[in-house]
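First the structure, in the form of structure tokens, and then the observations on it.
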Amino acid sequence: MAIRKIRTEEDAILRKKSRTVEKFDERLFELLDDMAETMKSADGVGLAAVQVGVLRRAVVIDVGDGLIELINPEILEEEGVQCSLEGCLSLPGKQGYTLRPKTVKVKAQNRNGNWCVYKGSDLKAKAFCHEIDHLDGIIYTDKLANQEEIDKYGETEE
Ligand code: ZN
């Protein structure tokens, strides 16, 4: 395993759309292992492959209850609203309020190519949405809440 360099905001790759993963091979396993190690060493709760310069639809998430690997993820359902501070390993030192669903249900393949369904609330829901956005070149600063929304939904922090 190796720690890879996390691309920052100035890198245009973060705005590109990632491609579907089709091969579930050693190369993917190595990428996922490196992403998990890179996320951990940076104290993050999620990382998308594009953040280490690989335009593939792969994400790792760990909000403290175990590592989840999402390959070709899709959001199936969203429920409720949360308004809370969000940050990104690609935008070090920055934070902003966003509106995200309170709970999401996600479908994704695991490293063996099998489809699984995951449900997450609060921080985990936010991480699912944030990382899946990365796969389409979207950064959380595109979705900052305005003052009216912050006042309305308040700090519904986990
Ligand atoms: Zn991010």
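Computation of the quantities below employed the complete heavy-atom set of this structure, encompassing side-chain atoms and omitting hydrogens, waters and symmetry-equivalent molecules. As the structure lists them, so they are numbered: ligands from 1, and atoms in each ligand from 1. The chain is numbered in sequence order, starting from 1.
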(message) Strictly below 4.0 Å, N to O, side chains only: are D33 and R111 in salt-bridge contact?
(response) yes

(request) Decide whether K126 and S84 meet the rule of one side-chain donor and one side-chain acceptor closer than 3.5 Å. (result) yes

(request) Could you list the residues that satisfy salt bridge (charged side-chain N to carboxylate O under 4.0 Å, His left out) with D136, not counting sequence neighbours? (result) K17, R57

(message) So that I can tick it off, tell me whether R100 and D122 are bridged by a salt bridge, with the cut-off set at under 4.0 angstrom between side-chain N and carboxylate O.
(response) no

(message) For the residue pair S90 / E9, report whether a side-chain donor-acceptor contact shorter than 3.5 Å exists.
(response) no

(request) Please lay out, stage by stage, how D62 and K40 fare under the test salt bridge (charged side-chain N to carboxylate O under 4.0 Å, His left out). (result) CA-CA 9 Å; D62 189 347; K40 210 173 159 189; over 6 Å; no

(message) If we only look closer than 2.8 Å, how many protein N, O or S atoms does the Zn ion (ligand 1) have near it?
(response) 3

